[in-house]
Each structure stands twice: as C-alpha cells, then as structure tokens.
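Inspection log for the structure reproduced underneath, given as structure tokens.
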Amino acid sequence: MAFLQRSHVFRRPFATIGRLKKSNRTETSNIMSIANNRKAFHDYFIEDQIEAGLVLDGWEVKAVRAGRVQLKESYIHWKKDAFYLVGCHITALPTASTHVKPDPVRQRKLLLKQSEINKLIGKTERAGYTIVPLNLHYSRGYIKMDIGLAKGKKQHDKRQSMKEADWKREKQRLMKNAG
C-alpha cells in the first residue's frame, strides 16, 4: 500500500504534460522554405495568405526535395470544383523512372478546406482579386504552399514600392556608416 502511494506522488497530471509540450513548440520551427515567388510581392498587393496542400507524384516530391522547383510564372486557376496550380515548373531528376514520362509543368491540384474554397471564390468573383502562389515549404514533413489573395499593382504603385525599398536600404547604409 505504501508503494502505491509513493508512485502516485511522482506522477504528473496529464493536463500539465500537455501544457509543457505546447509551450515548447513553435510554429516557425516546423516550416522550412523551398521556393519563394518574389515577383508576386512586386506585382500584387497581398491581402490574405492561406496554406494549402498539393497533390504530387513521387518523382515530383523527390525533385522538390532536391530544390528543382520554380514558382516564377505560376498562377492558381479554378476548374471543376477545385483550384489548380498552373505553370509551376518542377524539373525531374535524371534518375527518374524510365517507365514514367514526367511532365514538368502539369497542373497540380491544391488541397483546401471547403470554407477556404468558398472564401476564395467569393473574393475573386465579386471583389476582383486574383490568387497567386507565394511560397513552397515543408510543414511537419509535408510539402505545402502559401497562396495569396492579391490585387494587382499599378505602375505608379510599383515605383512607389521601389522608392521605399531604396530609401530603406539607404537608411540602413547611413546608420551602418554613422555607427
């Protein structure tokens, strides 16, 4: 009887264990970027970002892990009750299987929740937004994509953004030289 009471003293309650694990975990530590679409931030005002999964073949996963992916000219298209990534170039590895003919620019389906799909459709049809891919990254071992709800920039907006970036760089240079 005394043994049972002693072992009970050394146990932690389950609620405490859960809280300890949650506080040690951070969101950014699980995400590792693979490819960025910097042109999207230059050409569009990004209003909202959503993380979506991708339907990929085996050779595509291997190529993405090797870093052979380019998002530069890609865009998101609505077709047959799903969103598709169009124009994303994933180059096959030279060691790809001989019986599979890889298509580097095929359309890839995005995996989204129905509420996110409804939100994106509503914004693109009514408010004149477009959907662009922003970032391809790993999240807990899975390949995910950040897509952005964006509005196009005019030429004068792009010039203003470039002026602000130049001024920011110049300010940093002045602070570095002064200090």
[X] side chain near [Y] side chain, heavy-atom distance below 4.5 Å:
X	Y	value
Tyr129	Leu120	no
Leu149	Ile131	yes
Ile143	Tyr138	yes
Arg68	Lys62	no

Next item on the list: For Thr124, enumerate each residue passing the side-chain hydrogen bond (donor to acceptor under 3.5 Å, both in side chains) test, keeping only those at least two apart in sequence or located in another chain.
Entry: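 For Thr124 there are no side-chain hydrogen bond (donor to acceptor under 3.5 Å, both in side chains) partners, ignoring immediate neighbours.
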Next item on the list: Grab the two heavy atoms, one from Thr91 and one from Ala63, that are nearest each other, plus how far apart they are.
Entry: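 Answer, listing the atom of Thr91 first, then Ala63: O-CB, 3.2 Å.
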Quick check: are there more than 12 heavy atoms from other residues, nucleotides or ligands sitting under 6.0 Å from [atom1] of [X]?
X	atom1	result
Lys151	NZ	yes
Tyr44	OH	no
Tyr142	OH	no
Arg106	CZ	yes

Taking the basic N atoms (NZ, or NE/NH1/NH2) and the acidic carboxylate oxygens, is any pair closer than 4.0 Å for [X] and [Y]?
X	Y	value
Asp166	Arg169	yes
Lys119	Glu116	no
Lys123	Glu47	no

